[in-house]
Amino acid sequence: MTYPRKAPPIYVTQPLLPPLEEFIPYLQQIWDSKWLTNNGPFHQQLEHALCDYLGVKQLALFTSGTVALITAMQALRIAGEVITTPYSFVATAHSLLWNGIKPVFVDIDPITLNLDPAKIEAAITPQTTAILPVHCYGHPCDTDRIQTIADNYGLKVIYDAAHAFGVQSRGGSVLNHGDLSVLSFHATKVFNTFEGGAIVCHDAKTKQHIDHLKNFGFVDEVTVVAPGINGKMSEINAAFGLLQLKGIDEAIQKRKAIDARYREALAGVKGIHCLTGTDEKVANYAYFPILVQEDYPLHRDALYQKLHDNGIHARRYFYPLISDFPMYRGMPSAVHSNLPVARKVAEQVICLPIFPALGSEDGDNIISLVAHN
Ligand SMILES: *Cc1c(COP(=O)(O)O)cnc(C)c1O
């Protein structure tokens, strides 16, 4: 028998927030300068600080990950068809529809839950112009195999790296693969600026083009070179990002400890599989996904409900699949038989709460709810 928790509910994540008083001096500077947006001093500083921290050459800040994804497609003039994963947050495929691009869904690898490189080639047609993989849960894609396919067929690669802040694979930052990588700094992500995002690219010329696109296409006062958008991050968000960055290593260490605790405690639980990355030298512990398999006493949704009834708001990321939403489900690649692995995983997954402030007592409570049935 379980009892309803009296304590406040625990959500799958809780945003990292530094002490408010530490933010006041930044606000004072903005009030003094009256420079609120349009590549202000905090915006410039945060771009440099993130390039340093992440180990990337060029980075352009945005208002959100979604606007950054949409702009990334514009920057490379992607059209026609793009191969992508159904197992992601819906913004991945939406960024294609917003550009009039047709998503072509390809199934995922059963171990990493990332786009399965072995299934990409069969989905390529004369209309294919790019591949849009996701480093799901911050676990790196098989970037070598994806690049080989892209090179052979003359395709661009844009990584949705919304989960992959700070992640390094054997070759260094995972963000240095492909033509562009897109980050999200939404409140729910490992590193947040309330709302925000970025495009990572390799050279100054591409960064300049992206900077034009995010500012209506303006090059100077009288020259507009493209039908750009307003994707600029404000000084408030950028200043907050600079303050966040100071605490990010500690925050990731705390996530790491929670990850280790869950992993150890759940290792012996029959029917519970804890996902792991296969290629991380440095991980970010953004999520703690488990698969509730056939030999677990409860169905996934029953466990989800049980957690919920006990004040634990775990989430079924990613269920439903993107390809099951109304604007996608009529597409040929969305058919049931094309995506067997993604379908199965979407029926089994639960992401357990993981965030720096999660207390050990709450962690133990979650473990015991999962472990004892
Ligand atoms: C969060 C997320 C996005 C969207 O980012 P926003 O900053 O919320 O617009 C895109 N893709 C994935 C995989 C995400 O998790």
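Remember, it's 1-based here, ligands and their atoms both numbered in the order they're listed.
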Are any side-chain N or O atoms of Asn192 and backbone N or O atoms of Thr188, one a donor and one an acceptor, separated by less than 3.5 Å?
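Between the backbone of Thr188 and the side chain of Asn192 there is no qualifying donor-acceptor contact (under 3.5 Å).
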List the steps, then state whether salt bridge (charged side-chain N to carboxylate O under 4.0 Å, His left out) holds for Glu280 with Lys256.
CA-CA 13 Å; Glu280 284 128 287; Lys256 182 179 183 176; over 6 Å; no
What is the nearest protein non-hydrogen atom to [atom], stated with its residue, atom name and distance?
atom	value
atom 5 (O) of ligand 1	Ser184 OG, 3.2 Å
atom 8 (O) of ligand 1	His186 CB, 3.7 Å
atom 15 (O) of ligand 1	His163 NE2, 2.8 Å
atom 3 (C) of ligand 1	Phe89 CD2, 3.7 Å

Per-atom contacts of ligand 1 with [X], taking only distances under 4.0 Å to non-hydrogen atoms:
X	result
Thr66	4 (C), 5 (O), 6 (P), 9 (O)
Ala91	4 (C), 10 (C)
Gly65	5 (O), 6 (P), 7 (O), 9 (O)
Gly196	7 (O)

Quick check: does [X] get an N/O under 3.5 Å from an N/O on ligand 1?
X	value
Tyr287	no
Asp160	yes
Ala162	no

Does Ala68 come within less than 4.0 Å of ligand 1, judged by its heavy atoms?
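Under 4.0 Å: no for Ala68.
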Looking at ligand 1, does Ser88 have a heavy atom less than 4.0 Å from it?
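Judged by the 4.0 Å heavy-atom criterion, Ser88 does count as contacting ligand 1.
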Atom 2 (C) of ligand 1: which of His135, Lys189, His94, Glu195 has the nearest heavy atom?
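It is Lys189 whose heavy atom sits nearest to atom 2 (C) of ligand 1.
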Using a 4.5 Å cut-off on heavy atoms from C-beta on, say whether the side chain of Tyr285 contacts that of Ile258.
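Of all side-chain heavy-atom pairs linking Tyr285 with Ile258, none is under 4.5 Å.
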For residues Ser234 and Leu36, determine if any side-chain heavy atom of one lies less than 4.5 Å from a side-chain heavy atom of the other.
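Result no, sub-4.5 Å side-chain heavy-atom pair not found.
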Relative to the ring of [Y], is the ring of [X] parallel (under 30°), tilted (30 to 60°) or perpendicular (over 60°)?
X	Y	value
Tyr137	His139	perpendicular
Tyr287	Tyr317	perpendicular
Phe240	Phe194	perpendicular
Tyr53	Phe165	parallel

Can a donor-acceptor pair be found between the side chains of Asp32 and Gln28 at a distance below 3.5 Å?
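Yes, because at least one side-chain N or O of Asp32 sits under 3.5 Å from a partner of the opposite role on Gln28.
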